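All values reported here derive from a predicted model rather than from experimental measurement. Chain identifiers are assigned alphabetically (A, B, ...) following the order of the sequence lines, protein sequences preceding nucleic acid strands; residue numbering begins at 1 within each chain. Note that these values count all heavy atoms, side chains included, but never hydrogens, waters or copies made by symmetry.
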Amino acid sequence: MMEFQGYRRPDGQVGTRNYVGILSTVVCANEVAEDIARQVDGAVSFTHHQGCCQTPLDIQRVNAVLIGLGSNPNLASVLLVSLGCESTAIEEIVAGIRKTGKRVEVITIQEHGGAARTRAEGTRIVEDMVSDASSQKTEACPLSDIVLGLKCGSSDTTQGLSATPVIGVASDRIVAAGGTSVLGEVTEFIGAEHIVARHAANETIGKQIIAMVNRMEGRAKAVGCDMRGGQPTGGNIKGGLSTIEEKSLGAIAKAGTAPIQAVYEYGVKPTVKGLVVMDSPGREPEILTGLAAAGCNLIAFATGRGAPQGFPFVPVVKLTGNAQTWERMHDHMDMSVAGIIEGTESIPEAGERLLDRILEVASGARTRSEITGYTRAMDIYVLGPVI
Amino acid sequence: MKRDAIVIGQEDNVATALRDLTAGELVSAGIGASSLSVTLVDPVIFGHKFATRAIFKGHEIVKYGEVIGRATADIPQGAHVHVHNIESLRGRGDLA
C-alpha cells in the first residue's frame, strides 16, 4: 500500500509540512511578517501586494485566499500581521481559519506602535506556536490524502513529450487511489478547451470549463489582446508543434486522463475528490498561491528550460525531460525524466518513479526549492484595478 | 530497447522524433512500455512528427489520444506531419 508520513490536522486534512505560517494581511505589513519569519526557525511568511485600495470584489477574494492559505494543512498554526487601516476583513479571516481548529493570532502594527514592537511581540507568539507544532507527530497516511497541484512552466520541446505526461500518470494514480488533483492554468486550455470539456464528468461541468476559458480570454480582450491569434507561434512551429490543439494538449497532459469532477474559482478548496479545475492564470506567483489556498499539500511542476520557483509552505517537485537543463539547472531540479527523450525510459515507468518521489517529499524529503530557499514566488491573483 | 521516437497516446497516428531522423531510416517509436517500427520517407528533426500509419486527406491527426488537426493531403506512413500537410480545426472563421 502506498503511504506517506504526514501531519493529520484537527479537521482531517493532512500536512506534508509542519510550519507556523505568518501571513501578511496587506502589502503594507509585509516587512514585519518577513522579519518575524527570519527570527524563528520553523516559521515561514506569506507576503503579497494586495489588501487595500482595490475593488470590493478583489478585497473579498483576498480575504478568501488568506483564509485558504491559513487553512492549508501544511501550517500548524497562523499569525496574521496587520497594519491596521487596510481593507481586508481581519475578523472574518481569523474566524475562517479557526474553523480548521488551528490556533490563529493577530498582531497589528498601528496598535503595537510600530514595526519594532510588533516584531518583538510577534516573534514571542510565533516561538510559542513553533514549540507547540514541533510536538505534533507524523502518522502513516494513504495516497488519498495527497492533494496534488499541477503546474508547468518555462517550457521547451521536451516538456509535452515527457514531464507533463509523466505528471499525468502520477495524477491518475493519486485520483484512482481516492486523492485529489488540481489543474489550474486555464490560459493553457485555449485551443483545446473543447477537449478539456470532453473530459468533464458531466455536461454542466463541461460548459463551466468552456465558460471559464471564454472569461479568461475576455479579460485579455478587454485590454486589447487576442490570446488565440498567432498560435502556435513561429518558434513553436519551428520546434515541431503544428496546431494550437497540439500545443495546449502538451500542457494539459499533466492532468492525465481522469474525469474532471468540478470547477472552482481561484483559490477555492475542492469539496470533492478526484481531478478538479481551478480558475487561475499560468504565472508562477499567482498559481502557486492559488493551489496553496485550495489546500494542495504538494505541487508537481514540469519544466523544460528550468523554472526555479517554489512556494513558502507547499513543497514543489520539479521535473524536467531536458538532459541539458538537468545538468545546467541541477540546483533547482528534483527529478530527471530525460530518459524518455533519450529513448531509454517509458512514460509509465517515469510516472511510477514520480509517484515514489511524491511520497518521499510528502514524508519530509526536501525539494530543491526548499533547500535553496527559492520559495518566494507568491501573490494573490486579482482581477480589477488598483485604486 | 532504445527508442528513436515517442507515441504518447495508444490511439495516436503520429510519433514525435526524439533526435534528428533521416529518410529511409527504420526507426523504433516507443508507445507506453512497448514500441513499433516505421521506415521514414522524409527526414524528421527532433520534436517533429511523422505518421505511424497512412493518413488519408481529410482524416484526423491524433496525438495525446486527441484530435490535433486534419490532413490536408494523403500522408503515407513514415512521412513528416506538420503545417504543410495538416490544419487546425480551431480558431477558424470558416469552420466556426
Region of [X] in contact with chain B, defined by heavy-atom distances below 4.5 Å:
{"X": "A/Glu246", "value": "both"}
{"X": "A/Lys238", "value": "backbone"}
{"X": "A/Gln231", "value": "neither"}
{"X": "A/Ile190", "value": "neither"}

Let me confirm one number: the [atom1]-[atom2] distance from [X] to [Y], rounded to the nearest 0.5 Å.
{"X": "B/Ile6", "Y": "A/Ser346", "atom1": "CD1", "atom2": "OG", "answer": "8.0 Å"}
{"X": "B/Lys63", "Y": "A/Leu161", "atom1": "NZ", "atom2": "CG", "answer": "5.0 Å"}
{"X": "A/Ile244", "Y": "B/Leu89", "atom1": "CD1", "atom2": "CG", "answer": "12.0 Å"}
{"X": "A/Glu245", "Y": "B/Arg70", "atom1": "CD", "atom2": "CZ", "answer": "10.5 Å"}
{"X": "A/Ile347", "Y": "B/Ile31", "atom1": "CD1", "atom2": "CD1", "answer": "10.0 Å"}
{"X": "B/Ile8", "Y": "A/Leu249", "atom1": "CD1", "atom2": "CG", "answer": "10.5 Å"}

Inspect the surroundings of [atom1] in [X] and state if more than 12 heavy atoms from other residues, nucleotides or ligands are less than 6.0 Å away.
{"X": "A/Arg357", "atom1": "CZ", "answer": "yes"}
{"X": "A/Gln324", "atom1": "CD", "answer": "no"}
{"X": "A/Arg328", "atom1": "CZ", "answer": "no"}

Exercise. Between B/Tyr64 (side chain) and A/Ile252 (backbone), is there a donor-acceptor pair under 3.5 Å?
Worked result: no
Residue selection (most heavy-atom pairs with chain B, distance under 4.5 Å) from [options]:
{"options": "A/Arg198, A/Glu345, A/His194, A/Glu342", "answer": "A/His194"}
{"options": "A/Gly168, A/Ser162, A/Gly250", "answer": "A/Gly250"}
{"options": "A/Pro348, A/Gly239, A/Gly191", "answer": "A/Gly239"}
{"options": "A/Pro165, A/Gly160, A/Ala253, A/Pro232", "answer": "A/Gly160"}
{"options": "A/Ile340, A/Thr243, A/Thr257", "answer": "A/Thr243"}

Problem set entry | Shortest non-hydrogen separation from B/Ile86 to A/Ser242 and the atoms involved | CD1-CB, 3.5 Å
For this session: Look at B/His48, B/His80, B/Arg19, B/His82 and state which one has the largest set of heavy-atom pairs under 4.5 Å with chain A.
Result: B/His82
Seminar exercise, completed: So, the part of B/Val67 with a heavy atom under 4.5 Å from chain A: the answer is backbone
Exercise. Is the shortest heavy-atom distance from the side chain of A/Ile341 to the side chain of B/Phe46 under 4.5 Å?
Worked result: yes
